[in-house]
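What you are looking at is a predicted structure, and each value in this text was computed from that prediction instead of being measured.
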Amino acid sequence: MTASGWTWGPQDLSSPAVARTGPVSRETALEPGMVLEDAQTGWVGAAVSLETIGGMRVVGLEDRHGKIKTFPLGPGFLLDGEPIKLGPPARKTGPKKPARTRSGSVAVEGLRASVAKESRIWVEGYHDAELVAKVWGHDLAVEGIVVEPLHGIDDLPAAVREFNPGRERRLGVLVDHLVTGSKESKIAADALRVPGAQGNLLVLGHPYVDIWQAVKPSVLGLQEWPVIPRGIDWKTGMAKALGLPHKTPADIGQAWQRILARVDSYSDLEPSLLGRVEELIDFLTAPQ
């Protein structure tokens, strides 16, 4: 008889009567130094090793004389007089790392998008909007910022005037090919002179002809983006150069979707775009 009032022996472990009437072995994970008794042999010792022998996991039990015997994991052990089924050690898990968004920021668990603010981010077209939404969508939802496509910036000053920016109604604009002396830079300067724009409008841009080029060429298996000759529609020429259908607007849209599908996070984009988008978000969310 053991302290639990149950008789153990070789015949007991396989007896149907025992299975019907004996105590249920609880699942217990092995821990170093755990003092166990092998119910069949009566060997008592502290767990000092765990090995795999012949495909079987075995635990080494060291008795008080320093002698070690090994036993297969599973049922047939006693812990503090109670029968247990000995399993492998529980996996150690460190502190849970916070989930990251595609933009690299810490994800807000259980996010419910904030009510949209009056402030806006404007981009030149649908492709720009889709890329920004894919990488920064979580951040924008947290802040309640909406991204809207302009379909070109030729009428940007008039659009800004109609938007009527102010302290509670800021506007950030992302412009393609915003380089010194370009047509885009002159349009941006005109927009900044619109009444109410000072301090409430921020126009930033990247140096690329189109947002497509803000995707790192390596993401597409290229060393660099192809050069499209002047006089050829850039997106049409690019789709053709990439070996994609390019005859119709639908073809161009599908070409872009193939490129966008390869973008998984901020690391797939050029730094010159990343910095500009982050600046726009900071501008619109800074304390008033």
Taking all atoms of both residues into account, what is the closest heavy-atom pair of [X] and [Y], and its distance?
X      : Y      : value
Met56  : Pro72  : SD-CB, 3.3 Å
Val173 : Leu280 : N-CD2, 3.8 Å
Trp43  : Leu61  : NE1-O, 3.2 Å
Ala197 : Leu192 : CB-O, 3.7 Å
Ala241 : Ile228 : CB-CD1, 4.4 Å
Ala255 : Leu244 : CB-CD1, 3.8 Å

Main-chain N/O of [Y] paired to [X] side chain as donor or acceptor, under 3.5 Å:
X      : Y      : answer
Glu62  : Val48  : no
Lys134 : Leu260 : yes
His65  : Lys67  : no
Asp282 : Glu279 : no

Are any of the side-chain heavy atoms of [X] and [Y] separated by less than 4.5 Å?
X      : Y      : result
Met34  : Thr28  : yes
Leu201 : Val194 : no
Asp176 : Glu184 : no
Leu269 : Leu131 : yes
Arg262 : Val215 : no
Ile211 : His206 : yes
Ile187 : Val203 : no
Glu148 : Val123 : no

Measure the spacing between [atom1] of [X] and [atom2] of [Y] and express it to the nearest 0.5 Å.
X      : Y      : atom1 : atom2 : value
Ser119 : Glu168 : OG    : CD    : 8.0 Å
Glu118 : Arg167 : CD    : CZ    : 13.5 Å
Met238 : Asp210 : CE    : CG    : 8.5 Å
Leu78  : Ile84  : CG    : CD1   : 8.0 Å
His127 : Ile259 : NE2   : CD1   : 9.0 Å
Ile121 : Leu150 : CD1   : CG    : 12.0 Å

Step through it carefully: locate the ring centre of Phe163, locate the ring centre of Trp122, and say whether they are under 6.0 Å apart.
-> yes
May I have the step-by-step check of side chain to side chain contact (heavy atoms under 4.5 Å, CB included) for Leu156 and Asp190, ending in yes or no?
-> CA-CA 8 Å; Leu156 181 60; Asp190 289 341; over 6 Å; no
Treat each ILVMFWY residue as a node, draw an edge where side-chain heavy atoms are under 4.5 Å apart, and state whether [X] and [Y] are in one component.
X      : Y      : value
Ile68  : Leu36  : no
Leu242 : Val219 : yes
Leu140 : Leu202 : yes
Trp212 : Tyr266 : yes
Phe283 : Val277 : yes

Give a yes or no on whether [X] atom [atom1] has more than 12 heavy-atom contacts from other residues, nucleotides or ligands under 6.0 Å away.
X      : atom1 : result
Lys216 : NZ    : yes
Gln198 : CD    : no
Asp155 : CG    : no

Side chains of Glu270 and Gln213: do they bring a donor and an acceptor to under 3.5 Å?
-> no
Given side chain to side chain contact (heavy atoms under 4.5 Å, CB included), test Leu220 with Arg258 step by step and report yes or no.
-> CA-CA 9 Å; Leu220 305 175; Arg258 289 194 181 193; over 6 Å; no
Test salt bridge (charged side-chain N to carboxylate O under 4.0 Å, His left out) on Asp154 and Lys183 and set out the steps.
-> CA-CA 9 Å; Asp154 288 348; Lys183 176 190 75 172; 3.4 Å; yes
Out of Leu174, Asp128, Leu204, which residue meets the side chain to side chain contact (heavy atoms under 4.5 Å, CB included) rule with Leu273?
-> Leu174
I would like to know whether Phe71 and Gln40 meet side chain to side chain contact (heavy atoms under 4.5 Å, CB included); could you show each step before the answer?
-> CA-CA 10 Å; Phe71 303 89; Gln40 190 169 21; over 6 Å; no
Step by step, work out the side chain to side chain contact (heavy atoms under 4.5 Å, CB included) result for Arg169 and Asn200.
-> CA-CA 7 Å; Arg169 189 177 170 81; Asn200 301 311; over 6 Å; no
Evaluate the ring planes of Trp234 and Trp225, with Trp represented by its six-membered ring, and classify them as parallel (under 30°), tilted (30 to 60°) or perpendicular (over 60°).
->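 The rings of Trp234 and Trp225 sit tilted, inter-plane angle from 30° to 60°.
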